[in-house]
Number of protein chains: 2
Amino acid sequence: MYENEFDATMQLIRGKWKIRILYELNSDPHTRFNALQRNLDPVTHKILSEQIQQMINDGLVKRIDFHEQPLHIEYHLTKRGQSLIPVVDAICDWGLANIDTSKLKQTLCN
Amino acid sequence: MYENEFDATMQLIRGKWKIRILYELNSDPHTRFNALQRNLDPVTHKILSEQIQQMINDGLVKRIDFHEQPLHIEYHLTKRGQSLIPVVDAICDWGLANIDTSKLKQTLCN
DNA sequence: CTGTATCCTGATAGATACTG
DNA sequence: CAGTATCTATCAGGATACAG
């Protein structure tokens, strides 16, 4: 049960790394855990794991196990996850258009 | 200094009530503190005050003092605040389109 | 009507180490 | 390579009371 449509959406993307996870998984539909952690840089193993798990529970991300040794697991967006990309883009675009680029350590999208 | 454009935008709207404040101030450009608190319902006086203050510091909201007794203060969006409305709408639209409406206590936008 | 100070709690994130 | 457990730090949010 959600208070309203704002909170319902925000609960899914409020996590510190979730927007970026959506962006990464959208850019590369065959992302593995290590690659994701490398791209998100200062995120810790445990936190990334938690955020992914929540996104799986929320139906935004799917986990694919290739049953190989060494372990080979990929993550990709579900339809529902993909549907959030316009929101991700809106957030990205606003940042690029309205934040002084000299105040940005990195520019990631577009 | 921001990590990147995602974080830069999210820092401004991550607060629990900020999206709704943006929405309310956009709907009514002459909003007073009490009215805002009433519309956001379970928000406490102190928290609303904090969130508004942050939004003023971030250049999203402007405070207008009418120098009347009893106090008469109105808040409205700055240009910068208005520019965030497309982001607010994207979040609102996604929620309406993707959350089972029976799980929403209220529907606020559109 | 509007704003601030104190105190408290839970959620969130991070450091680190251990497992298959 | 992927995932979990423990412990700790920090912060955001909220209850309450007081002030101009």
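Every chain is numbered from 1 and lettered A, B, ... according to where its sequence line falls, protein lines coming before strand lines.
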**Q** Any pair with a residue in residues 31-60 of chain A that passes salt bridge (Lys or Arg N to Asp or Glu O under 4.0 Å), sequence neighbours left out, goes on the list, sorted by first then second residue, please.
**A**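 Only A/K46-A/E50 qualify under salt bridge (Lys or Arg N to Asp or Glu O under 4.0 Å).
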**Q** Going from OH on A/Y2 to CG on A/D7, what distance comes out if it is rounded to the nearest 0.5 angstrom?
**A**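 With rounding to 0.5 Å, OH (A/Y2) is 10.5 Å from CG (A/D7).
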**Q** Among C/dA15, C/dG3, C/dT6, which nucleotide has an atom closest to any side-chain atom of B/K46?
**A** C/dT6
**Q** Specify the residue among B/E50 and A/R63 whose closest nucleotide of DNA chain D lies further upstream toward the 5′ end.
**A**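 Looking at DNA chain D, the more 5' nearest nucleotide goes with A/R63.
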**Q** Roughly how many Å is it from CG in B/N57 to C1' in C/dG3, rounded to a whole number?
**A** 14 Å
**Q** Parallel, tilted or perpendicular for A/H72 and A/F66, by the 30°/60° rule?
**A** parallel
**Q** Counting only non-hydrogen atoms, which of residues 1-19 of chain B are less than 4.0 Å from DNA chain C?
**A**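 B/R14 - these, ordered by number, are the residues of the stretch whose heavy atoms sit under 4.0 Å from the strand.
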**Q** Less than 3.5 Å apart, any donor N or O on the side chain of A/N4 or B/Q106 sitting next to an acceptor on the other?
**A**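 No, no side-chain donor-acceptor contact under 3.5 Å.
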**Q** Apply side-chain contact (heavy atoms from CB on, under 4.5 Å) to the pair B/I73 and B/F33, showing each step before the final yes or no.
**A** CA-CA 7 Å; B/I73 280 120; B/F33 191 95; over 6 Å; no
**Q** On DNA chain D, which is the earliest and which the latest nucleotide, 5' to 3', with an atom closer than 4.0 Å to a heavy atom of chain A?
**A** D/dC1 to D/dG13
**Q** Atom CZ of A/F33 to atom P of C/dT19: distance rounded to whole Å?
**A**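 Interatomic distance, CZ of A/F33 to P of C/dT19: 19 Å.
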**Q** Select base, sugar-phosphate, or nothing to describe what A/E74 touches, counting heavy atoms under 4.0 Å on all strands.
**A** nothing
**Q** Under 4.0 Å, counting only non-hydrogen atoms across every strand here, what does B/Q51 touch: a base, just sugar-phosphate, or nothing?
**A** sugar-phosphate
**Q** Over all strands shown, is B/H72 touching base, sugar-phosphate only, or nothing at heavy-atom distances under 4.0 angstrom?
**A**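 Contact class for B/H72: none.
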**Q** Mapping A/T44 and B/A35 onto DNA chain C by nearest heavy atom, which one lands closer to the 5' end?
**A** B/A35
**Q** Do you know which two heavy atoms are closest between B/L22 and B/I85, and how far apart they sit?
**A** O-CD1, 3.9 Å
**Q** Within this structure, what is the CD1-to-C1' distance between A/I52 and C/dT12, rounded to whole angstrom?
**A**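 In whole Å, C/dT12 C1' lies 17 Å from A/I52 CD1.
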**Q** With a non-hydrogen cut-off below 4.0 angstrom, is B/I47 in contact with a base, only sugar-phosphate, or nothing?
**A**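 Here B/I47 touches the bases of the nucleic acid.
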**Q** Taking 4.0 Å as the cut-off, does a side-chain nitrogen or oxygen of A/Q69 come that near to OP1 or OP2 on C/dG20?
**A**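 Answer no for this pair, as no side-chain N or O of A/Q69 is under 4.0 Å from OP1 or OP2.
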**Q** To the nearest Å, how far apart are B/I56 CD1 and C/dG3 C1'?
**A** 11 Å
**Q** So, do B/R80 and B/L12 sit near enough that their side-chain heavy atoms are less than 4.5 Å apart?
**A** yes
**Q** Just checking A/Y75: base, sugar-phosphate only, or nothing, at a heavy-atom cut-off of under 4.0 Å?
**A** sugar-phosphate
**Q** Does the gap between the ring centers of B/Y75 and B/H30 come in under 6.0 Å?
**A** no
**Q** Between B/K18 and B/Q54, is any side-chain donor less than 3.5 angstrom from a side-chain acceptor?
**A** yes
